[in-house]
Structures are given as structure tokens and as C-alpha cells.
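What follows is a set of notes on a single structure, which appears directly below.
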Amino acid sequence: MEVAVKKIYAETLEQQQIEVRQSVMDGIRQAREGKTKDFNTVCDRLEKKYTNAKV
């Protein structure tokens, strides 16, 4: 049972890391395309969103 829980936790953590990376890449893409005021705005938004995110 403990092994199964650890496996589920590891898979969940990995998926969350993938989602965070994708969000960061989306923000960078938006900044490059001029869809946001500036890069710092994107970084501030992402930091605010993920600083207190449950892991």
C-alpha cells in the first residue's frame, strides 16, 4: 500500500511540474508576442499564482 501511495505522489508531483513549466513557457511566449505589457508582469502573475499553490 505504501509503495502505491508513493508512486501516486510521484506521478502527481511530476504532472504538476509539467503544468508549471508549461505555464511559464506560455507566459514567455505571450511576452515575446507582445500580448502582455512586459515580461515582469508575466513573471509577477506566475509568481503570485504559484507561490501558495498546493503541491
Side-chain angles (χ1 to χ4, degrees):
M1 178 73 167
E2 186 177 331
V3 173
V5 171
K6 286 182 180 181
K7 182 178 178 185
I8 291 170
Y9 174 79
E11 290 171 353
T12 302
L13 181 61
E14 182 178 354
Q15 183 61 37
Q16 288 175 342
Q17 289 172 336
I18 291 168
E19 291 171 8
V20 168
R21 287 185 197 115
Q22 187 60 49
S23 292
V24 170
M25 296 307 296
D26 289 344
I28 292 170
R29 188 190 82 255
Q30 289 174 359
R32 286 184 180 155
E33 292 173 355
K35 293 182 179 180
T36 186
K37 292 182 181 180
D38 68 22
F39 185 70
N40 289 329
T41 302
V42 172
C43 291
D44 290 344
R45 179 178 52 85
L46 291 171
E47 183 177 14
K48 182 179 178 182
K49 182 176 181 179
Y50 291 107
T51 296
N52 296 317
K54 292 182 180 180
V55 177

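Quantities reported herein were computed from a predicted structural model and do not represent experimental measurements.
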Exercise for review: Verify side chain to side chain contact (heavy atoms under 4.5 Å, CB included) between R29 and D26, making sure each step is shown before the conclusion.
Suggested key: CA-CA 5 Å; R29 188 190 82 255; D26 289 344; 3.2 Å; yes
Given side chain to side chain contact (heavy atoms under 4.5 Å, CB included), test R21 with I18 step by step and report yes or no.
CA-CA 5 Å; R21 287 185 197 115; I18 291 168; 4.3 Å; yes
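To the nearest 0.5 Å, atom CD of residue E14 and atom CD of residue E11 are 8.0 Å apart.
Heavy-atom contacts from other residues, nucleotides or ligands closer than 6.0 Å to CZ of R32 number 12 or fewer. Atom CD of E33 is surrounded by more than 12 heavy atoms from other residues, nucleotides or ligands within 6.0 Å.
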